[in-house]
Amino acid sequence: EDQVTQSPEALRLQEGESSSLNCSYTVSGLRGLFWYRQDPGKGPEFLFTLYSAGEEKEKERLKATLTKKESFLHITAPKPEDSATYLCAVQAAGNTGKLIFGQGTTLQVKP
Amino acid sequence: GAGVSQSPSNKVTEKGKDVELRCDPISGHTALYWYRQSLGQGLEFLIYFQGNSAPDKSGLPSDRFSAERTGGSVSTLTIQRTQQEDSAVYLCASSLWGNTEAFFGQGTRLTVV
């Protein structure tokens, strides 16, 4: 069964304190791994897509990496506005495009 | 439009009533998805449309749930005889094709009392 597990569930950082969020997955052939950001009361906002092991993508203070079993979202020198829930999802090969989501990591960055 | 639009934003209904939730996808997007997010839960897939067809309905939790899409654009999710466990945020997403990144709407928060 295709599955996504994110850790930790919650993370508190001081402004400027870098850290990483983990997304472990099992899927019958990975088509793509997606990272989204979700603010309270809003829909998920697309951040990155990764397709193959070794791939990396960056956007401002965020960097996503992918291996054959997991993905990391690295946050460098975070700011309070980075506080949100970060969602990881996988799309299986041969699938209809359905995304299988993890439970998310809720990040709080204190000034 | 510029993004995925969902209406209403909030809906409170009495147990046993039927509700309709609407989704306007991004113009030109052929794929459309419905997900459900319950309190403290992850996003749960409900149904996928490619054009007006629904090749994957595997996530619909019961026969009280149905969805349609017309003109390759607007979609409606209908829940009949609502139950309290149907209370959740219903999210719609669209993508250019079925295997490209999906963009989400703001969701409809459904409360069944």
Side-chain angles (χ1 to χ4, degrees), chain A residues 1-10 21-25 27-52 55 57 59 64 66 71 84-106, chain B residues 2-7 9-10 21 23-26 29-51 53-60 67 69 88-111:
Chain A
E1 182 185 351
D2 300 335
Q3 194 170 1
V4 177
T5 304
Q6 292 188 246
S7 62
E9 289 185 13
L21 282 55
N22 177 265
C23 171
S24 297
Y25 65 90
V27 64
S28 51
L30 180 71
R31 181 186 292 278
L33 184 141
F34 299 79
W35 282 98
Y36 286 85
R37 167 190 171 132
Q38 187 173 27
D39 292 297
K42 298 195 173 182
E45 175 190 346
F46 171 75
L47 293 174
F48 303 111
T49 309
L50 302 166
Y51 294 104
S52 57
E55 189 174 0
K57 288 195 176 172
K59 179 180 179 180
L66 181 65
S71 176
T85 296
Y86 291 85
L87 300 169
C88 172
V90 297
Q91 193 177 68
N95 203 278
T96 56
K98 169 175 75 176
L99 293 174
I100 300 162
F101 281 86
Q103 300 286 348
T105 293
T106 299
Chain B
V4 178
S5 178
Q6 292 187 245
S7 60
S9 300
N10 285 282
L21 312 180
C23 172
D24 278 280
I26 293 172
H29 280 195
T30 64
L32 186 147
Y33 305 84
W34 284 98
Y35 290 84
R36 177 169 73 174
Q37 189 171 33
S38 303
L39 191 62
Q41 301 294 314
L43 275 79
E44 172 191 14
F45 168 80
L46 297 177
I47 188 169
Y48 157 68
F49 285 94
Q50 180 60 46
S53 307
D56 189 349
K57 306 178 184 180
S58 62
L60 294 177
R69 189 179 184 195
V89 176
Y90 289 82
L91 290 158
C92 175
S94 71
S95 64
L96 197 56
W97 301 105
N99 60 353
T100 56
E101 54 264 26
F103 296 89
F104 284 81
Q106 299 282 58
T108 293
R109 180 175 297 279
L110 175 66
T111 304

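Below, chain A is the first sequence line, B the second, and so on; all start at residue 1.
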Would you kindly say whether B/Thr30 and B/Gln50 are connected by a side-chain donor-acceptor distance under 3.5 Å?
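There is such a pair between these side chains.
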Side chain, backbone, both or neither: which part of A/Glu45 has a non-hydrogen atom closer than 4.5 Å to chain B?
neither
Would you mind checking which part of A/Phe48 comes under 4.5 Å of any heavy atom in chain B, side chain (CB onward), backbone (N, CA, C, O), both or neither?
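Nothing of A/Phe48, per the 4.5 Å heavy-atom cut-off to chain B.
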Region of [X] in contact with chain A, defined by heavy-atom distances below 4.5 Å:
X       : value
B/Gln6  : neither
B/Leu91 : side chain
B/Ser9  : neither
B/Ala93 : neither

Options B/Ala102, B/Ala31, B/Pro55, ranked by heavy-atom pairs under 4.5 Å with chain A, top entry
B/Ala102
Winner by heavy-atom pair count (cut-off under 4.5 Å) against chain B, out of A/Gly102, A/Gly43, A/Pro44
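Sorted descending by pairs with chain B, the first entry is A/Pro44.
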Rounding to 0.5 Å, atoms CD1 (A/Ile100) and CG (A/Leu33) come to a distance of 11.0 Å
Counting heavy atoms not belonging to B/Lys57, are there more than 12 under 6.0 Å from its NZ?
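Open: at most 12 neighbouring heavy atoms sit under 6.0 Å from NZ of B/Lys57.
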Quick check on B/Arg109: does its CZ atom have over 12 non-hydrogen neighbours (other residues, nucleotides or ligands) under 6.0 Å away?
no
Can you tell me how the ring of A/Phe101 sits relative to the ring of B/Phe104, calling it parallel under 30°, perpendicular over 60° and tilted otherwise?
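Perpendicular: the ring planes of A/Phe101 and B/Phe104 meet at over 60°.
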Which heavy atom in A/Glu55 sits nearest to a heavy atom in A/Lys57, and how many Å separate them?
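Looks like OE2-CE, 3.3 Å.
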